[in-house]
2 protein chains.
Amino acid sequence: MARAATTSDVFNAIAEPRRREILVLLRAGERPVTELAQELGMPQPGASKHLRVLREVGLVRDRKSGKQRLYSLDARELRAVHEWTGGFERFWNESFDRLDTYLQDIKQAKQEE
Amino acid sequence: MARAATTSDVFNAIAEPRRREILVLLRAGERPVTELAQELGMPQPGASKHLRVLREVGLVRDRKSGKQRLYSLDARELRAVHEWTGGFERFWNESFDRLDTYLQDIKQAKQEE
DNA sequence: TTGACGCGTACCCATATGGGTATATGATGA
DNA sequence: TCATCATATACCCATATGGGTACGCGTCAA
């Protein structure tokens with residue numbers, strides 16, 4: 001069954017380093033494929049494929065402009081990832097040495113409810 | 001060349017829904033593999049494999065306890081993901097309709113420097 | 001020492017993935 | 001209409017991935 005389709009999951013879409021680079025590049029504004037490919041140091045078809053994945057999960061948009069197709073960022077989906085990881089914030093804030101104690105406190109508090 | 005090794009990249013490690021579930025489950029405290037497998041509704045070897053990936057990227061730790069091996073969360077690496085996505089915050093906060101204007105403003109401000 | 005647990009690994013398999021090259025498609029300008 | 005530029009697709013390939021099953025290994029109790 002392999003992994004869930006990349007094209008349907010934002011987490012999977014940003015699992016690719018190149019795609020993350022593309023998103024970062026697009027923060028500076030919309031860009032045509034060729035330019036992105038150049039900045040990534042990869043052939044155009046490769047960039048196009050990555051952009052397709054990003055488009056299908058909704059992380060980028062495109063609009064035609066003459067012969068070109070300009071891609072732009074649509075970061076809304078990234079918010080979900082940000083919030084999901086945010087759900088672990090108290091765990092990385094806790095000193096790891098104290099984590100055990102911390103968990104025991106929670107457990108105990110729960111039993112006392 | 002396929003994708004970068006899952007075992008070396010946190011983004012890749014959390015691209016798997018099951019692995020994300022495991023992390024969530026571990027927020028409640030350390031657990032043995034069998035229990036996790038049960039809660040995930042998957043055979044133990046499968047859970048072990050996912051746990052191995054999580055361990056190799058440093059998202060979980062394990063300690064032996066008699067016949068069991070207890071896994072616990074180490075969310076520190078998730079912070080990187082949280083911060084990376086956080087770098088896009090201003091983009092999902094901006095109304096998308098206004099994004100163009102926003103970018104132009106930035107561009108103009110830059111030229112005026 | 002033996003048997004039962006709890007777990008990690010080895011294998012095998014179907015499939016998704018990313019890269020590369022060639023080529024189809026679309027739009028523009030002469 | 002034709003040549004050209006900008007992109008997307010179609011293929012082909014090597015490889016990583018996740019799932020399932022069988023099994024090896026260490027630990028504990030009797």
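Per chain, numbering begins at 1; letters A, B, ... match sequence-line order.
Note on A/His50: a side-chain N or O is less than 4.0 Å away from OP1 or OP2 of C/dG19.
Screening residues 9-54 of chain B for ring-ring contact (aromatic ring centres under 6.0 Å, His included) gives B/Phe11-B/Trp84 as the qualifying pairs, with residues at least two apart or on separate chains.
Rounded to a whole Å, the CD atom of B/Glu56 is 12 Å from the P atom of D/dG18. Here C/dA16 presents its P atom at 17 Å from CG of B/Asn12, a figure rounded to the nearest Å. In this structure, CD of A/Glu16 is placed 11 Å from P of C/dT17, rounded to the nearest angstrom. Between the P atom of C/dA16 and the CG atom of A/Asp9 lies a distance of 15 Å, rounded to the nearest Å. The CZ-P distance, from A/Arg18 to C/dT17, rounds to 17 Å in whole Å. Rounded to whole angstrom, the span from the NZ atom of A/Lys64 across to the P atom of C/dT25 amounts to 14 Å.
At a threshold of 4.5 Å between non-hydrogen side-chain atoms, the residues A/Leu25 and A/Leu40 count as touching. Between B/Arg55 and B/Arg61 there is no side-chain heavy-atom pair separated by less than 4.5 Å.
Note: A/Arg90 CZ to B/Arg27 CZ = 6.0 Å, rounded to the nearest 0.5 Å. Rounding to the nearest 0.5 Å places CE of A/Met42 at 10.5 Å from CD of A/Gln44.
A donor-acceptor contact shorter than 3.5 Å is absent between the side chain of A/Gln68 and the backbone of A/Leu70.
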In B/S/- notation, 5' to 3', how is nucleotides 5-12 of chain D contacted by protein heavy atoms closer than 4.0 Å?
-> BSBBB---
